[in-house]
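The basis for the numbers below is simple: all heavy atoms, side chains too, and nothing from hydrogens, waters or symmetry mates. Chain A is the first sequence line, chain B the second, and so forth, proteins listed ahead of strands; every chain is numbered from 1.
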Number of protein chains: 2
Amino acid sequence: MAKVLTPRSESYAQWYNDLVLKADLAENSAVRGCMVIKPYGYAIWEKMQAQLDRMFKETGHENAYFPIFIPKSFFSKEADHVEGFAKECAVVTHYRLMNDPNGDGVVVDPEAKLEEELIVRPTSETIIWNTYKNWIQSYRDLPIKCNQWANVVRWEMRTRLFLRTAEFLWQEGHTAHSTKQEAIEETETMIGVYADFAEKYMAVPVIKGLKTASERFAGALETYTIEALMQDGKALQSGTSHFLGQNFAKAFDVKFANKEGKEDYVWATSWGVSTRLMGALIMAHSDDNGMVLPPKLAPFQVVIVPIYRKDEELEKIKVVAEDIRKKLIGRGIDVKFDFSDNKKPGWKFAEYELKGVPVRLAIGPRDIENGTVEVARRDTLSKETVPLEGIDAHIADLLDQIQENIYKKAIDFRAETTTPVETYDEFKKVLEEKGGFILAHWDGTPETEEKIKNETKATIRCIPLDQPDEDGVCMVTGKPSKKRVLFAKAY
Amino acid sequence: MAKVLTPRSESYAQWYNDLVLKADLAENSAVRGCMVIKPYGYAIWEKMQAQLDRMFKETGHENAYFPIFIPKSFFSKEADHVEGFAKECAVVTHYRLMNDPNGDGVVVDPEAKLEEELIVRPTSETIIWNTYKNWIQSYRDLPIKCNQWANVVRWEMRTRLFLRTAEFLWQEGHTAHSTKQEAIEETETMIGVYADFAEKYMAVPVIKGLKTASERFAGALETYTIEALMQDGKALQSGTSHFLGQNFAKAFDVKFANKEGKEDYVWATSWGVSTRLMGALIMAHSDDNGMVLPPKLAPFQVVIVPIYRKDEELEKIKVVAEDIRKKLIGRGIDVKFDFSDNKKPGWKFAEYELKGVPVRLAIGPRDIENGTVEVARRDTLSKETVPLEGIDAHIADLLDQIQENIYKKAIDFRAETTTPVETYDEFKKVLEEKGGFILAHWDGTPETEEKIKNETKATIRCIPLDQPDEDGVCMVTGKPSKKRVLFAKAY
């Protein structure tokens with residue numbers, strides 16, 4: 001059977017696009033830059049959502065919903081924020097169409113012009129802080145810890161499915177606190193939640209760190225990030241958590257009376273992850289045959305394919321398969337039967353490999369005779385014949401092993417592809433020949449950061465939280481540095 | 001304590017608005033017609049979503065996501081559809097802001113004008129059928145049964161929280177079938193799912209029926225509806241399911257090859273319920289003290305309030321309360337503790353009454369001595385003292401009783417408030433003096449329907465599916481009629 005995907009070695013970008021389309025994850029729509037998330041891709045996103053939502057609730061957050069539209073004037077209230085988002089936003093100017101007096105279509109009704117234009121939210125700090133103003137009078141009203149699952153729009157010029165789209169789905173947490181310390185703790189808690197989710201569920205190891213000033217969220221005093229490494233040696237920013245200080249409280253005049261009755265501005269955080277995580281999930285694990293899904297996020301963990309010639313054989317296989325299915329469901333494992341008769345087993349095998357189903361069971365007449373089943377692992381592409389007796393325990397255990405193995409593989413890859421360098425020449429050489437994460441000393445100035453970016457396209461992904469202090473000198477300027485920072489080319 | 005809500009007898013509309021605000025369900029935002037759904041209101045919506053989503057998946061549907069924007073030209077392709085939605089849609093015309101050359105704010109950048117305007121989806125038939133075109137070649141690709149949870153925008157001029165807002169949250173199912181029969185069955189299955197959900201979960205009885213031609217969805221051949229009766233005697237359309245025939249397939253040229261290899265257009269349905277259901281839930285059950293929530297949709301079914309003077313008392317109460325909580329959680333019952341010390345028990349009682357919590361437990365020092373707890377029901381506002389021993393079984397049973405009682409009350413109210421009439425004079429008299437549902441004969445013409453609407457403001461809510469055939473004459477024209485139809489004034 002011909003490979004349906006361009007091999008990664010030929011073009012990683014083309015492989016990615018092929019995979020997203022062929023595995024039925026998403027596709028481009030008729031609207032520039034907006035994607036359609038197909039049922040199989042959406043089922044993975046739903047699994048992500050469900051787990052993240054549990055983690056948010058466990059850390060004391062509640063969901064709410066705020067308007068999709070933001071009055072244009074709200075953006076002007078926080079200077080950095082408008083600077084960051086004004087250049088890429090969808091603007092609603094009218095609220096009615098009319099029949100075209102000159103043709104058969106419809107045109108905008110010029111009389112239905114809005115007094116003030118509305119922006120389709122690119123992020124919701126402004127509309128939410130305008131709302132919080134009415135919710136907060138005293139310290140007793142704090143903290144407020146809201147999360148919103150929503151769509152947002154950023155008018156990106158160059159888009160790629162999941163990684164950068166004009167409309168995307170995300171969650172945005174927005175919290176309000178009475179002290180600076182509490183807000184900083186919230187910011188750190190949430191980047192921790194994201195890191196846990198990435199590592200334990202997506203099986204994607206991440207580096208937690210602080211963004212440099214030039215890479216901060218528009219309006220934040222500090223941005224925490226998790227950075228993941230893709231198989232092509234490029235980094236993917238996978239989630240961010242922002243300490244916003246009192247910037248939005250000041251912009252929207254949100255004050256509270258503290259315990260002593262003194263007024264102060266409220267302290268804020270915001271944090272988000274998006275459908276971009278789908279891109280990270282795909283690029284971290286998949287291979288030339290298709291997706292490799294960690295069992296914890298697979299829409300179904302096991303697929304059962306019958307191998308038969310005669311209908312009597314199929315009937316016997318169905319009985320055994322149904323028995324296996326019930327036992328697996330009893331263990332909380334999602335199973336799909338594929339008994340469709342218009343596709344050959346070989347076609348089905350390739351299809352479920354493409355879709356990354358962690359475990360495939362094939363059952364034929366000989367298995368029925370011998371009381372066995374063929375078990376294939378997607379991550380290693382290996383097969384074994386296993387007794388039916390105890391098959392459910394075997395598979396439950398195998399799924400744990402697969403989850404662990406995928407994670408370990410990603411950890412090992414990252415270890416191999418992370419290089420400490422001392423000189424700028426070495427930096428450029430590693431970047432060109434090997435890529436990956438590079439740990440190097442930097443003098444802490446935006447000028448040097450900018451120079452490196454312009455000359456090499458590598459950016460400082462973060463100042464890692466877990467990186468030990470180490471005296472050194474900036475690889476570019478020779479000025480003193482106390483800690484290595486993490487560089488990479490990035491998506 | 002002064003009543004916080006305007007009594008229903010004084011102004012039902014004001015009572016409703018007071019309740020939505022005071023029970024922290026939702027509020028108006030800075031954007032005209034768009035609401036903020038507050039955490040408590042959103043938690044109820046999440047319970048609705050979760051249950052509906054389960055029911056959709058049980059009936060073979062998958063979730064997906066389609067773009068929020070629809071190219072303007074797509075609307076022109078289905079004539080009735082554009083007629084129905086063009087007059088109330090938000091139009092995106094530009095994709096960038098710039099600094100105002102004359103001031104300190106931002107203005108639309110005139111150079112960033114879109115070639116074709118984009119409509120913020122009021123419903124997604126057009127963008128989805130444009131997508132399905134590429135998914136469907138043969139009968140083997142059918143049926144497609146997708147659902148989408150999304151926000152939509154209809155530029156309503158007169159808005160009311162949950163009932164009619166410019167932006168609202170909903171789900172929209174869009175299915176594609178190879179035969180007319182299968183599509184009609186799907187349409188009927190889904191109105192059945194909605195009716196089940198309304199009755200078994202919301203405890204709101206509904207009448208299933210067909211809309212008349214003039215009340216059909218824009219582009220549908222047949223619209224099925226569920227109609228609920230509110231306490232003020234007005235009807236609320238609570239969900240609709242549309243048989244779209246081949247209209248959208250023709251508009252977007254979606255054909256398939258059938259088993260015989262012959263080409264035909266695909267058959268379509270769509271169906272949806274929205275945050276409007278929150279309005280139905282509130283108006284069907286609540287009273288002058290606040291919400292009355294059916295236990296199955298309450299964010300927490302039980303609240304525990306301690307009654308104490310001394311801290312030693314509180315410590316003992318906490319031990320008992322924790323024991324109760326664990327037992328209730330073991331039965332899948334959500335419990336909230338309210339041990340906050342800055343509010344008096346009386347304030348808390350009123351607050352949880354306002355929020356409709358089905359069962360309130362109060363525990364004081366005497367209860368500790370006697371091994372009892374005070375159990376209050378929200379639906380009947382009655383209290384009893386119950387032994388701690390077996391309290392969890394008692395409450396589980398009580399919650400079932402409450403769910404049933406609320407439903408029964410709504411059923412009884414509807415029975416009392418449904419009137420068959422024979423003459424137009426009688427119709428007008430009942431409408432004015434009593435309101436509610438009226439069953440009357442109608443001659444089947446849009447002219448008579450229109451006349452009744454203009455003269456009385458009552459509309460045909462539906463032609464009920466379960467209404468028996470009965471020979472009669474139209475109350476207005478005296479022409480023959482085979483079946484009574486359901487009239488009411490409506491939201």
Checking heavy atoms, do the side chain of [X], its backbone, both or neither come under 4.5 Å from chain A?
{"X": "B:Glu27", "answer": "side chain"}
{"X": "B:Met35", "answer": "backbone"}
{"X": "B:Ile127", "answer": "side chain"}

Q.
Quick check with a 6.0 Å cut-off and a 45 degree axis cone: is A:Lys343 positioned over the face of A:Trp347's six-membered ring?
A. yes

Q. Quick one: are A:Lys355 and A:Asp24 in side-chain contact, heavy atoms under 4.5 Å?
A. yes

**Q.** Any B:Val120 side-chain heavy atom under 4.5 Å of B:Val92 side chain
**A.** yes

Which bit of [X] comes within less than 4.5 Å of chain B, counting heavy atoms only: side chain, backbone, both or neither?
{"X": "A:Leu169", "result": "side chain"}
{"X": "A:Cys89", "result": "both"}
{"X": "A:Asn130", "result": "side chain"}
{"X": "A:Val82", "result": "side chain"}
{"X": "A:Glu46", "result": "side chain"}
{"X": "A:Glu88", "result": "backbone"}
{"X": "A:Phe74", "result": "side chain"}
{"X": "A:Asn342", "result": "side chain"}
{"X": "A:Val107", "result": "both"}
{"X": "A:Ile119", "result": "side chain"}
{"X": "A:Ile68", "result": "both"}
{"X": "A:Thr93", "result": "both"}

Highest number of heavy-atom pairs under 4.5 Å with chain A: which of [options]?
{"options": "B:Phe66, B:Phe69, B:Trp45, B:Phe75", "answer": "B:Phe69"}
{"options": "B:Asp100, B:Leu114, B:Val91", "answer": "B:Val91"}
{"options": "B:Glu116, B:His94, B:Glu83, B:Glu117", "answer": "B:His94"}
{"options": "B:Pro67, B:Ser29, B:Cys34", "answer": "B:Pro67"}
{"options": "B:Lys77, B:Met98, B:Arg140, B:Gln148", "answer": "B:Arg140"}
{"options": "B:Ala30, B:Ala64, B:Ala26, B:Ser76", "answer": "B:Ala64"}

Q. Hey, does the side chain of A:Lys87 reach the backbone of B:Leu97 with a donor-acceptor pair shorter than 3.5 angstrom?
A. no

Q: Please lay out, stage by stage, how B:Ile144 and B:Trp135 fare under the test side-chain contact (heavy atoms from CB on, under 4.5 Å).
A: CA-CA 9 Å; B:Ile144 293 174; B:Trp135 294 6; 4.0 Å; yes

Q. A:Tyr132 and A:Phe252: aromatic ring centres closer than 6.0 Å?
A.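 Ring centres of A:Phe252 and A:Tyr132 not closer than 6.0 Å.
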
Q.
Taking the six-membered ring for Trp, are B:His81 and B:Phe248 closer than 6.0 Å centroid to centroid?
A. yes

**Q.** Residues of residues 149-157 of chain A with any heavy atom under 4.5 Å of a heavy atom in chain B
**A.**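 So far as heavy atoms go, A:Asn151, A:Val153, A:Trp155, A:Met157 are the residues that approach chain B to under 4.5 Å.
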
Q.
I need the contact set between residues 51-62 of chain A and chain B: heavy-atom distance under 4.5 Å, sorted by residue number.
A.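 Listed by number, the contacting residues are A:Asp53, A:Lys57, A:Glu62.
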
Q | Rounded distance (nearest 0.5 Å) linking atom OH of B:Tyr139 with atom OG of B:Ser178 | A |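 Between atom OH of B:Tyr139 and atom OG of B:Ser178 there are 10.0 Å.
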
Q: Specify which of A:Ala166, A:Ser340, A:Ala90 makes the most heavy-atom pairs with chain B at under 4.5 Å.
A: A:Ala90

Q: May I ask you to name which of A:Ala86, A:Gly41, A:Pro71, A:Ala43 has the most heavy-atom pairs under 4.5 Å with chain B?
A: A:Ala86

Q.
Which heavy atom of B:Tyr40 sits nearest to which heavy atom of B:Ala23, and what is that distance?
A. CD2-O, 3.6 Å

